[in-house]
Amino acid sequence: MHTLIDPATSYYFAQWAFIKLLGLTYLIAFGSLLLQVKGLYGSKGIIPLNEIFKGIRRNKAYTHFYYTPSLFWLSTSDWMLQGLAIVGIIASILVLCGVAVSLSLFILFILYLSYVSACIYFLSFQWDTLLIEVGFIGFLYSLQTPPLPIATFLLWLVLFRFIFSSGIVKFLMGSQEWRHLKALEYHYETQPLPNKGAYYAHQQAAWLVTFSTLMVFIIEIVVPFFIFISAEMRLMAFACLVILQIVIMCTGNYAFFNLLTIALCFPLIDDQQLPWSSTFFAPGTHSEQLVLSVVVSSTCMLCIVLNFFQFVSLFKPLPVVERVLRFLAPFYIINTYGLFSYMTTQRYEIEIEGSEDGETWKTYEFRWKPGSLSKAPRQVAPYQPRLDWQMWFASLGTARQNPWFYRLIQRLLDNTPDVVNLLKTNPFPNQPPQYIRALLYIYKFTTLKEKAETGNWWKREYLRVYLPPTLKE
């Protein structure tokens, strides 16, 4: 370990910055949940949490507590759903204020695990599991100041594996658009929630598309190895990875993913590379905590070994390791990653319409996803509108492949307030519609010339009926 991290090297600023950004990420995550969770999982939500737990009890027998580690075993009521999010917000603020940091980070880990382990469909994104994994390591990282070298190394390894895995799966196992360096020709237009930056990036010249895609591979596959070379190379890796995240933020809406990744980059910077940091983060006197150091070191070493074998399994299956990882899987402390490996080449959008007579149809407009052709793509990240996101995934399959979609339709037929509030408009504010249908369209960005002539950001083509007219029960 000393060959990689000089014992004389300190990481006071890195620890401070990482913990603050982790606390901010948690604050955004729980704030986002508080605003949406009742409509998604409440007693009158799209997928009521009490129904999920009834199904778990039936299918998992006496092992359900292990396979679904969650505080919601105590209660699945609406007040519990929102109450845990409020506790998460308070704990996040404590971390930001530097109060009871380690205890607050452990509470945040337990709380977010409680949501992700139980709440299917809408909390199944890779940054949700990444937040649990990084949150657990962040708790270990916060227990001592300065942080133990082995805890710092563990964060390096997680960052390396996360970024490298995202790059290598694009090249080895992803769609051909990546290998032909044409992926960004489609990405900006077909990603789940574009913003204005994505619209203008989509207009770039073909040569720039190829160059940009090549740079993604270099940053994600080559640059991560800089982490293990020298302090100067780690600083270069920090700059490259942070710039990549800023570019992604400017051209798309990926919730708190970018902020969390940037937080994970800060442990790459040691205090010797930031001379001014000693003014604000002067080393203090710290008592030796031998027992705590042994516990933290042992836990970190176990995580390092598991991370290493998880990395190796990218290239060669390891049955014994896979059994160990399956044993730990319910706790999300070691996860597989591979963001955006398959590039969609067409953008499909589902438009939901209601009618009182089966002839005149009115459109339900979503807050963030594309709908009206003249509506500009908007910036919503780091907030994540989880229903809008899930509608993008639903458009890639059929209604039968997305059973939650039928529940959404039924809630709209009932005019359920908690669910309707997830949308931008309710075309039937006084009484619910008698029929609802869903149509599937192909959406494309307009060219700069078309936008200047029509004022539209989008153009679309009708494809087929996604869900035939459904009558209110």
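Side-chain atoms are counted along with the backbone in the values below, which use heavy atoms only and exclude waters and symmetry mates.
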- Could you check whether the rings of Tyr115 and Tyr112 sit parallel, tilted or perpendicular, using 30° and 60° as the cut-offs? tilted
- Message: Are Tyr348 and Tyr441, when compared by the centres of their aromatic rings, separated by less than 6.0 Å?
- Response: no
- Task: Give a yes or no on whether Tyr406 atom OH has more than 12 heavy-atom contacts from other residues, nucleotides or ligands under 6.0 Å away.
- Result: yes
- Query: Hey, does the Lys NZ or Arg CZ of Arg161 hover above the aromatic six-ring of Phe311, less than 6.0 Å from the centre and inside 45° of the axis?
  - Reply: no
- Message: Donor-acceptor check, side chain of Thr25 to backbone of Leu21, threshold 3.5 angstrom: yes or no?
- Response: yes
- Query: Between Lys170 and Glu220, is there a salt bridge with N-O shorter than 4.0 Å?
  - Reply: yes
- Is the distance between the ring centroids of Phe256 and Tyr383 less than 6.0 Å? no
- Please determine if Glu351 and Arg460 form a salt bridge, counting it only when a charged side-chain N lies under 4.0 Å from a carboxylate O. yes
- Can you tell me if Ser102 uses its side chain to pair, donor with acceptor, with the backbone of Ser142 under 3.5 Å? yes
- Aromatic ring pairing Trp178/Phe217, orientation class (parallel under 30°, perpendicular over 60°, tilted between): perpendicular
- Answer yes or no: is there a donor N or O on one side and an acceptor on the other, between the side chain of Tyr466 and the main chain of Thr398, under 3.5 Å? yes
- Lys NZ or Arg CZ of Lys196 over Tyr199 ring: under 6.0 Å, within 45°: no
- Task: Could you label the plane-to-plane angle of the Tyr11 and Trp156 rings as parallel, tilted or perpendicular, counting under 30° as parallel and over 60° as perpendicular?
- Result: perpendicular
- Query: Should the ring pair Phe136 and Phe109 be called parallel, tilted or perpendicular, given that the plane angle runs from 0 to 90° and is split at 30 and 60?
  - Reply: tilted
- Taking the side chain as C-beta and beyond, is there a heavy-atom pair between Thr76 and Pro48 under 4.5 Å? no
- Return yes if a side-chain donor-acceptor contact under 3.5 Å exists between Tyr254 and Gln191, otherwise no. yes
- Query: Can a donor-acceptor pair be found between the side chains of Asn415 and Gln431 at a distance below 3.5 Å?
  - Reply: no
- Query: Should the heavy atoms of other residues, nucleotides or ligands under 6.0 Å from CZ of Phe53 be counted, would the total exceed 12?
  - Reply: yes
- Is any side-chain heavy atom of Trp458 closer than 4.5 Å to a side-chain heavy atom of Arg347? yes
- Are side-chain heavy atoms of Leu113 and Pro69 found at a separation under 4.5 Å? yes
- Message: Tell me whether the rings of Phe266 and Phe13 are parallel (<30°), tilted (30 to 60°) or perpendicular (>60°).
- Response: perpendicular
- Task: Measure centre to centre between the rings of Phe122 and Trp389, then say whether the value is under 6.0 Å.
- Result: no
- Task: For Arg411 and Gly45, indicate whether the former's side chain and the latter's backbone hold a donor-acceptor pair under 3.5 Å.
- Result: yes
- Item | Donor-acceptor under 3.5 Å (Asn402 side chain, Phe405 main chain) | no
- Item | Heavy atoms from other residues, nucleotides or ligands near OH of Tyr121 exceed 12 (cutoff 6.0 Å) | yes
- Task: Answer with yes or no whether the side chains of Thr129 and Glu133 bring together a donor and an acceptor at under 3.5 Å.
- Result: no
- Query: Taking atom types as modelled, is there a side-chain donor on Thr145 or Gln15 under 3.5 Å from an acceptor on the other?
  - Reply: yes
- Side-chain donor/acceptor of Ser175 to backbone N/O of Tyr342, under 3.5 Å: no
- Message: How about CZ on Arg400, more than 12 heavy atoms from neighbouring residues, nucleotides or ligands closer than 6.0 Å, or not?
- Response: no
- Task: Using only heavy-atom distances, determine whether the side chains of Ser117 and Thr68 contain a donor-acceptor pair under 3.5 Å.
- Result: no
- Task: Please examine the side chains of Leu387 and Gln36, heavy atoms only from C-beta on, and report whether any two atoms are closer than 4.5 Å.
- Result: no
- With a 4.5 Å limit on heavy-atom distance, are the side chains of Thr261 and Ile163 in contact? yes
- Between Lys424 and Glu365, does at least one N-O distance fall below 4.0 Å, as a salt bridge requires? yes
- Between Ser313 and Glu322: side-chain donor-acceptor atoms closer than 3.5 Å: no
- Message: Heavy-atom count check: over 12 atoms from other residues, nucleotides or ligands less than 6.0 Å from Tyr462 OH?
- Response: yes
- Query: What is the ring orientation for Phe445 with His202, classed by angle as parallel under 30°, tilted 30 to 60°, or perpendicular over 60°?
  - Reply: tilted
- Thr470 side chain vs Pro468 backbone, donor-acceptor pair below 3.5 Å: yes
- Query: Who are the side-chain contact (heavy atoms from CB on, under 4.5 Å) partners of Ser297, not counting sequence neighbours?
  - Reply: Leu148, Ile150
- Query: Does Asp388 use its side chain to pair, donor to acceptor, with the backbone of Trp368 at less than 3.5 Å?
  - Reply: yes
- Query: So, does Asp418 use its side chain to make a donor-acceptor pair with the main chain of Lys44 at under 3.5 Å?
  - Reply: no
